[in-house]
Amino acid sequence: MLPSTASLKQTGGRKLARIVFDEDTIARRVAEMGREITAAYPDGELLVLGLLKGTFIFLSDLVRRLDRPLQVDFLVAASYGAATISSGDVRLLYDPETELRGKHILLVEDIVDTGKTLNRLVTLLRERDPQSLEICALLHKHLAQHLVLEPKFVGFDAPRVFLVGYGLDHAENFRHLPYIASLE
Ligand code: IMP
Ligand code: MG
């Protein structure tokens with residue numbers, strides 16, 4: 001069942017089609033991922049680095065399931081070059097204040113689509129000499145031709161349709177939905 005209200009249905013002129021991952025399914029998977037990630041990391045400093053804005057809900061749920069000391073920071077990246085075929089150029093609008101050198105970095109992304117954003121960020125972050133760098137993605141469309149680094153932790157394999165909710169947007173709308181839905 002789709003608990004969408006009249007106002008949601010009309011958001012940005014787009015309508016929700018169906019719920020792809022409901023609240024309970026997401027919560028169970030995030031708890032599992034928390035256990036996987038907790039078990040995977042040795043002692044040492046762990047910095048969980050969330051890519052804004054899409055990860056704001058996922059990241060806040062995930063870190064509460066990580067049973068170990070950690071730090072949290074964010075990255076804000078903007079892609080540009082949209083006039084051509086996606087160029088993969090990524091500009092950092094906010095760069096973490098925290099030193100990355102010598103730390104375990106877990107880069108958290110909402111959804112891996114073409115992989116261009118991640119490829120650029122991984123290259124950039126590796127230059128800062130972290131002790132390790134891994135990717136955690138809530139959703140993976142498995143469309144990417146070439147990933148510099150495959151996500152080590154993936155929430156769900158995603159259908160190859162446009163998804164919104166639980167942080168994901170369409171033209172900045174729908175981020176607040178507690179579930180992940182497809183658009184009509
Ligand atoms: P990539 O560089 O093509 O992998 O693009 C990844 C970014 O595009 C994600 O961080 C999302 O912000 C956005 N994106 C890709 N697919 C979707 C989708 O289905 N729904 C919402 N945002 C998406
Ligand atoms: Mg987006």
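Heavy atoms only: backbone and side chains are in, while hydrogens, waters and symmetry mates are out. Atoms within a ligand are numbered from 1 in the order they appear, just like the ligands themselves. Position 1 is the first residue of the sequence, and the numbers go up from there.
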Looking only at heavy atoms, is any part of V161 under 4.0 Å from ligand 1, and if so is it the side chain, the backbone, or both, or is it neither?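 Backbone only.
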Under a 4.0 Å heavy-atom limit, does I111 contact ligand 1 with its side chain, its backbone, both, or neither?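 Both of them.
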What I want to know is whether G115 and ligand 1 share at least one N or O pair that is separated by under 3.5 angstrom.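 So ligand 1 has an N or O lying under 3.5 Å from an N or O of G115.
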Flag L163 as yes when one of its N or O atoms lies below 3.5 Å from any N or O atom of ligand 1, and as no otherwise.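 Between L163 and ligand 1 (N or O atoms, distance only) the closest approach is under 3.5 Å.
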Ligand 1 atoms in contact with [X] (distance to a heavy atom under 4.0 Å):
| X | answer |
| --- | --- |
| D110 | 9 (C), 10 (O), 11 (C), 12 (O) |
| T117 | 1 (P), 2 (O), 5 (O), 6 (C) |
| L168 | 21 (C), 22 (N) |

D95: salt bridge (Lys or Arg N to Asp or Glu O under 4.0 Å) partners, not counting sequence neighbours: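 By the salt bridge (Lys or Arg N to Asp or Glu O under 4.0 Å) rule, D95 matches R128.
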Could you go through the salt bridge (charged side-chain N to carboxylate O under 4.0 Å, His left out) check for E36 and R29 one step at a time? CA-CA 10 Å; E36 284 170 29; R29 184 66 191 120; 3.0 Å; yes
Is [X] close enough to touch ligand 1? Criterion: a residue heavy atom under 4.0 Å from a ligand atom.
| X | result |
| --- | --- |
| V164 | no |
| K141 | yes |
| D169 | yes |

If you look only at pairs with a residue in residues 30-72, which of them pass as a ring pair (Phe, Tyr, Trp, His ring centres under 6.0 Å), with sequence neighbours excluded?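 Listed by first then second residue: Y41-H104.
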Using only atom types and a distance under 3.5 Å, with no angle test, would you say the side chain of R160 pairs donor to acceptor with the backbone of H142?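 Indeed, once roles are kept as given, a pair shorter than 3.5 Å links the two residues.
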So, R175 side chain and I57 main chain: donor-acceptor pair closer than 3.5 Å or not?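 No; judged by distance alone, with no hydrogens or angles, the pair does not exist.
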Pairwise side-chain contact, V48 with I105, heavy-atom cut-off 4.5 Å (strictly under):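 A side-chain contact under 4.5 Å is absent here.
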Under 4.5 Å between any side-chain heavy atoms of H170 and R14, yes or no?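 Heavy-atom side-chain distance check passes, below 4.5 Å.
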